[in-house]
There are 2 protein chains.
Amino acid sequence: MKPSGSPHRASPTPTVKSMPDATATDGPTVGQVSTRLGVTVRALHHWDDIGLARPSLRTAAGYRLYTAGDLERLHRIVVYREIGLGLDRIRAILDDSTADVPGALRAQRTQVAERIDRLQQLSAGLDRMIDAHERGLLLTVEQQAAIFGPQWNPDWLAQARQHYGDTTQWRQYAERSASRGPEEWQAIADATAGLDRALGDAMDAGVTPGSPEANQLVELHREVFASYFPLTRQMQVCLGRMFEADPGFAAHYDGIRAGLATWFRRIIDSSARAHGIDPDTATWE
Amino acid sequence: MKPSGSPHRASPTPTVKSMPDATATDGPTVGQVSTRLGVTVRALHHWDDIGLARPSLRTAAGYRLYTAGDLERLHRIVVYREIGLGLDRIRAILDDSTADVPGALRAQRTQVAERIDRLQQLSAGLDRMIDAHERGLLLTVEQQAAIFGPQWNPDWLAQARQHYGDTTQWRQYAERSASRGPEEWQAIADATAGLDRALGDAMDAGVTPGSPEANQLVELHREVFASYFPLTRQMQVCLGRMFEADPGFAAHYDGIRAGLATWFRRIIDSSARAHGIDPDTATWE
DNA sequence: CTTGACCCTCACGTTGTGTGAGGCTGGAGG
DNA sequence: CCTCCAGCCTCACACAACGTGAGGGTCAAG
């Protein structure tokens, strides 16, 4: 608070000071100008500070008084600012009488067009993400059938969202889905089908829980499943139990080979135990 | 540069430091992450500073090492940032597991839509301004004929732009034109016609240069003309000379009353003299 | 042992105001 | 006369999301 003194200055503006009593005749003050032009007082102060629009007059007390000429200039500033020009460019246009106004305007127009473009792409991206969060997939029902096979039921997604919609995992899944096209889904579907086949073959071949082959399959499952969302071993154990308990999942796996659901759960449990996890106390995340 | 010491710190990150030689196994450093995700190193530093995305590991030398989990988080940040979310909101979505992601996305979408709207209005405004600068009027030829009468020639505008296009006055005129619709032009045309009539009547009535009536007419002319651009008395004198000298303007005024062009010039000169201006040395601006 | 590519931590600059803090001015009312 | 209150003044900090050095370590290679 050093400069606590009154705002008397030698002659900061190049113009003459007004008479002590003259107020209405010399021009409006900041507040009046601000309401008249629809800008804040702070903006007027700022424009004065940076020399963009200084009032020609000051009262003896230091009040800014804007003349008709000042208002003309301010009006142009407001217009250009609404157009989206930066204050520097406005200053250039206002002060440089040789400035190429239409050129500057055209340049600004292309910039605005670019920004509109970017925003529209962004809006499209947002729509895709919202869709992904709400529908779970960005594919038409036909595409879904073509990719996931005939036994695929589109309602499953809605049910999954009902159940898991506000879990971290659904969010992760949805966000990844937003940036996946049909080919990528196809690749995931292929990998899943390959895993199913490998599971059936291994069970046929008499692979036993805890064996290296079984553990490798469990790891493969983790990898494939990770395309939906990151899956810890504990979560995988929970999944395995669900595969066995849930009628839908059990039917799927037992449809590949009788007893596959249970066998799958057992190889997951064994692998988890090998990694120091007790399957009976494993929790989701 | 007080803290010029080496970046050894007790344990700033909650994680363990890596072995002195391990680099490739623990995770990528800032530079590698920056190229992989397409963000600048500075942005990574910034996100670390504000606690949005801190690397789980540091080498003994203080190098940031990003784990797979860190990269997951970073990826989500990048996606959300591309969507246009602010870092605060990104943090909210990432850290608050109860966050309403679709809601946030939808809110963002409406915001983006609003911004697009504003930009499109702005673009339209720019177009109007560019047009005004280049064509001088935003009216169709038919509108021009309807407003300015049958003897109006649209080519005059192009000629005027040719002559005066890079003067301050043309710019002022053009910018005002950008925000004028047909009704406003009609009002201006009416005022001009009224002025012409008043001039003819006054000359008929024997008003002499220097008389109060004459000076009042000169003031009226300044006022009416000011709808195009601010007109000083000096400039008005130059205009008066041109009205007399230019065949087109002279024909217009002499068409109202024989000798009106010269009489008009004389009442302007007299008025100027009364205001302390020597008409013979008056200059444009 | 030096070079050169990376990495580190300050710390200030950017843009166009928003938001006080602390204080003066000027007209109205008691 | 004094007080009140709206309006004005000048600092000066804050913002969002980094950019851009300054000044200096680190690391693998020649």
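Every heavy atom of this structure was used, including side-chain atoms; hydrogens, water molecules and symmetry mates were not. From a predicted model like this one, the values you see are computed outputs, not experimental measurements. In what follows, chains are A, B, ... by sequence order, proteins preceding strands, each numbered from 1.
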### Query
Just how far, in rounded Å, is P of D/dG21 from NE2 of B/H46?
19 Å
### Query
Taking it one step at a time, do B/I77 and B/R91 satisfy side chain to side chain contact (heavy atoms under 4.5 Å, CB included)?
CA-CA 8 Å; B/I77 292 174; B/R91 192 206 314 266; over 6 Å; no
### Query
How is B/V30 classified with respect to the nucleic acid when contacts are heavy atoms under 4.0 Å: base, sugar-phosphate, or nothing?
sugar-phosphate
#### Entry: Test item: A/Q108 and A/Q111 side chains (from C-beta on) under 4.5 Å apart, heavy atoms
yes
### Task
Could you state the atom-to-atom distance from CG of A/L85 to P of C/dT15 in whole Å?
14 Å
### Message
D/dC9, OP1 or OP2 - any side-chain N/O from A/H45 closer than 4.0 Å?
### Response
yes
#### Entry: Relative orientation of the end axes in the helix from C/dC1-D/dG30 to C/dG30-D/dC1, expressed as an angle to the nearest 10° (five pairs per end)
30°
### Query
For the pair made of CG in A/D88 and P in C/dT17, what is the distance, rounded to whole Å?
13 Å
### Task
Indicate yes or no: at least one non-hydrogen side-chain atom of B/R64 is less than 4.5 angstrom from one of B/L57.
no
### Message
Looking at B/R64, I'd like to know whether one of its side-chain N or O atoms comes within less than 4.0 Å of OP1 or OP2 on C/dC8.
### Response
yes
### Query
Would you call A/Y63 and A/P55 a side-chain contact if the rule is heavy atoms closer than 4.5 Å?
no
### Query
Less than 4.0 Å between a side-chain N and a carboxylate O, is that true for A/E134 and B/R106?
yes
#### Entry: Any side-chain heavy-atom pair of A/W170 and A/E175 under 4.5 Å
no
### Message
So, OP1 or OP2 of D/dA17: does either fall under 4.0 Å of a side-chain N or O from B/W47?
### Response
no
### Query
What integer distance in Å separates A/Y80:OH from C/dG16:P?
16 Å
### Between P of D/dG7 and CG of A/L44, the distance in whole Å
15 Å
### Message
side chain to side chain contact (heavy atoms under 4.5 Å, CB included), that's the test. Do A/L85 and A/I93 meet it? Break it down for me.
### Response
CA-CA 10 Å; A/L85 289 179; A/I93 290 179; 3.8 Å; yes
### Query
Does B/R58 place a side-chain N or O at less than 4.0 Å from the phosphate oxygens OP1/OP2 of C/dT9?
yes
### Query
If you find the nucleotide of DNA chain D closest to A/Q32 and the one closest to B/L87, which residue's nucleotide is nearer the 5' end?
A/Q32
### Summary
Winner on side-chain proximity to B/A61, out of D/dT26, D/dA17, D/dA12, is D/dT26
### Message
Tell me the interatomic distance from B/D49, atom CG, to C/dT9, atom P, rounded to whole angstroms.
### Response
8 Å
### Task
Would you kindly give the CZ-to-P distance between B/R42 and C/dG13, to the nearest whole Å?
14 Å
### Query
To the nearest angstrom, how far is A/E82 atom CD from C/dG16 atom P?
15 Å
### Message
If you assign each of A/Y63 and A/T40 to its closest nucleotide in DNA chain C, which residue comes earlier from the 5' end?
### Response
A/T40
### Message
Regarding B/R81, tell me which of base, sugar-phosphate or nothing describes its non-hydrogen contacts under 4.0 Å with the strands shown.
### Response
sugar-phosphate
